[in-house]
Protein chains: 2
Amino acid sequence: MPTTRTPAGSARDRILDTAFRLFYAHGPRGVGVDTVIAESGVAKATLYKHFPSKDDLVLAYLDKVDQAWFGALRAAAREAGDEPREQLVGMFDALAGACRREGYHGCAFINTAAESPAGSPVHARTVEHKNVVRAWVTDVARRAGAADPELLARQLTLLLDGGLASGVLDGDPAVAEAAKRTARALVDAAVGGAPGGRPTRQ
Amino acid sequence: MPTTRTPAGSARDRILDTAFRLFYAHGPRGVGVDTVIAESGVAKATLYKHFPSKDDLVLAYLDKVDQAWFGALRAAAREAGDEPREQLVGMFDALAGACRREGYHGCAFINTAAESPAGSPVHARTVEHKNVVRAWVTDVARRAGAADPELLARQLTLLLDGGLASGVLDGDPAVAEAAKRTARALVDAAVGGAPGGRPTRQ
DNA sequence: AGACTAACAGACAGGTCTGTCTACTCCAAC
DNA sequence: GTTGGAGTAGACAGACCTGTCTGTTAGTCT
């Protein structure tokens with residue numbers, strides 16, 4: 001078992017943590033490799049050993065973001081209770097939580113994709129992330145008994161993305177609030193009736 | 001009236017048109033001044049005469065985007081007819097039109113803001129743009145007789161931003177389609193009843 | 001004709017970026 | 001004790017970026 005010479009985690013972890021922080025704040029293109037090196041207290045050769053190119057580091061960053069955001073989304077849904085229809089609304093608390101957080105700067109995927117060429121790996125990774133999230137929402141929508149789970153999932157992720165996008169500008173809590181209220185309205189319309197719910201027309 | 005030595009518009013126009021095209025495709029930070037100069041067939045000194053710094057050119061680009069997008073939005077609303085409630089839904093045709101366009105790459109404002117520092121002029125201009133659009137939507141919502149025009153406008157712009165953001169990834173027409181259907185549902189819920197008191201036509 | 005203006009052409013300075021490379025230092029395991 | 005892996009420190013190449021500056025050309029106005 002390899003031991004660690006440095007006390008605060010492995011060099012790889014320090015690099016990735018630092019990159020996460022800096023990339024999210026300024027965008028990958030706005031942060032030079034030298035800055036990542038300086039802030040993580042690591043030698044340049046070490047960085048390029050773990051991540052052969054900056055693009056590899058950016059992809060690792062996106063994977064980390066995916067874990068964090070998708071995790072927050074599922075946690076928020078879980079906290080809303082056992083009812084799928086409540087979970088669909090509850091996941092918007094993750095948006096509110098993100099907006100409140102200091103240094104909130106919108107959706108890392110969208111921001112990163114915006115500064116990447118069209119067919120790049122970054123782009124592909126972003127599409128994949130969005131698809132995974134939407135597939136999960138579709139599943140919850142189906143369990144909630146939505147008339148058209150695909151449509152409802154599309155609507156909710158559209159709202160989510162809209163809220164995230166606005167967040168690049170100002171972490172206005174009103175956005176998250178409005179998104180959640182809208183989600184509730186859409187879920188009620190799609191599922192109808194009461195929790196437990198069979199589709200009933202209002 | 002000053003004559004033009006160059007056949008295809010003034011040098012300033014050529015610079016701005018080229019910048020518009022390149023900045024939108026690759027992001028302002030992804031395009032060097034030299035490229036703008038080469039593609040617009042202009043001397044460097046000429047560019048720096050009209051736009052003292054690259055940032056000034058970026059702001060001019062955003063103004064041009066604002067005119068184009070806000071214009072498209074109003075045109076789409078206008079084409080939906082005289083009824084404000086129809087206009088609220090009709091403006092989503094502008095989103096569909098944008099998604100269909102070759103080289104569609106999402107919302108220029110959000111993309112540009114994503115690569116700009118937090119307090120920058122670019123950021124301020126973006127916030128201003130979003131506020132102007134939302135104010136206009138609020139006005140239409142009010143004329144449509146919405147119970148809570150501010151909320152409805154917030155909901156619709158959220159949808160719009162979500163649709164634009166998803167568009168960075170793939171110009172999937174399903175997104176615009178879903179956004180429009182959702183808009184119709186939200187407008188119906190907020191306005192209730194029908195245009196002129198008749199039952200809804202959908 | 002002469003002055004003025006707008007634009008062109010392109011060299012240049014000073015900085016930043018990514019990625020490579022050399023040389024050195026620990027530390028653990030064999 | 002030696003070997004090898006992981007890390008540190010930092011110079012360096014080559015590209016690219018913004019912005020400045022010099023000199024030239026052409027058309028307009030007086």
Side-chain angles (χ1 to χ4, degrees), chain A residues 1-23 25-62 111-112 114-117 120-122, chain B residues 1-62 112 114-117 120-122:
Chain A
M1 196 169 287
T3 64
T4 69
R5 186 173 134 207
T6 52
S10 73
R12 191 180 191 279
D13 289 344
R14 268 181 298 152
I15 294 168
L16 198 45
D17 288 346
T18 307
F20 183 89
R21 183 168 47 84
L22 294 177
F23 284 177
H26 309 105
R29 205 147 57 180
V31 179
V33 178
D34 283 339
T35 309
V36 177
I37 285 162
E39 298 243 341
S40 56
V42 136
K44 201 170 214 177
T46 305
L47 184 146
Y48 275 99
K49 187 190 172 189
H50 290 293
F51 307 96
S53 77
K54 189 185 177 182
D55 277 346
D56 291 302
L57 181 55
V58 172
L59 289 177
Y61 155 67
L62 288 184
N111 294 351
T112 305
E115 64 177 35
S116 304
S120 63
V122 163
Chain B
M1 197 168 286
T3 65
T4 69
R5 186 175 135 207
T6 53
S10 74
R12 190 180 191 280
D13 289 344
R14 267 181 299 151
I15 294 168
L16 199 45
D17 288 347
T18 307
F20 183 89
R21 182 169 47 85
L22 294 177
F23 284 177
Y24 182 66
H26 309 106
R29 206 147 55 179
V31 180
V33 178
D34 283 339
T35 308
V36 176
I37 286 163
E39 298 244 341
S40 57
V42 137
K44 201 170 219 179
T46 305
L47 184 146
Y48 277 98
K49 186 191 172 189
H50 290 293
F51 307 96
S53 76
K54 189 185 177 182
D55 277 347
D56 291 304
L57 181 55
V58 172
L59 289 177
Y61 155 66
L62 288 183
T112 305
E115 64 177 35
S116 304
S120 64
V122 163

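First the proteins, then the strands, lettered A, B, ... as listed; each starts at 1.
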CZ of F20(A) to CG of L57(A): how many Å apart, nearest 0.5 Å?
-> 12.5 Å

Nearest non-hydrogen partners of Y61(B) and P28(B), listed with the distance | CE2-CG, 4.3 Å

Hey, where does DNA chain C pair up into stems, meaning at least three consecutive Watson-Crick or G-U pairs with distances under 3.5 Å?
-> C:1-30 with D:1-30

Considering only heavy atoms from C-beta outward, does the side chain of I37(A) approach that of I15(A) to under 4.5 Å?
-> no

If you look only at pairs with a residue in residues 34-49 of chain B, which of them pass as a salt bridge (charged side-chain N to carboxylate O under 4.0 Å, His left out), with sequence neighbours excluded?
-> R21(B)-E39(B), D34(B)-K44(B)

Exercise: identify the closest heavy-atom pair between V42(A) and A11(A) | CG2-CB, 4.0 Å

Tell me which residues in residues 27-35 of chain A put a heavy atom below 4.0 Å from DNA chain D, sorted by number, or none.
-> none

Flag, side chain of E115(A) to backbone of R29(A), donor-acceptor distance under 3.5 Å | yes

Would you say the side chain of T112(B) lies within less than 4.5 Å of the side chain of F23(B), judging by non-hydrogen atoms?
-> no

Which residues within residues 43-57 of chain B lie with some heavy atom under 4.0 Å of an atom in DNA chain C?
-> A43(B), K44(B), T46(B), K49(B), H50(B)

Atom pair CG (L59(B)) and OG (S53(B)), whose distance is rounded to the nearest 0.5 Å | 8.0 Å

Those residues at least two apart in sequence (or on a different chain) that pass salt bridge (Lys or Arg N to Asp or Glu O under 4.0 Å) with D56(B) are none

The side chain to side chain donor-acceptor pair (under 3.5 Å) partners of D55(A) (sequence neighbours excluded) come to none

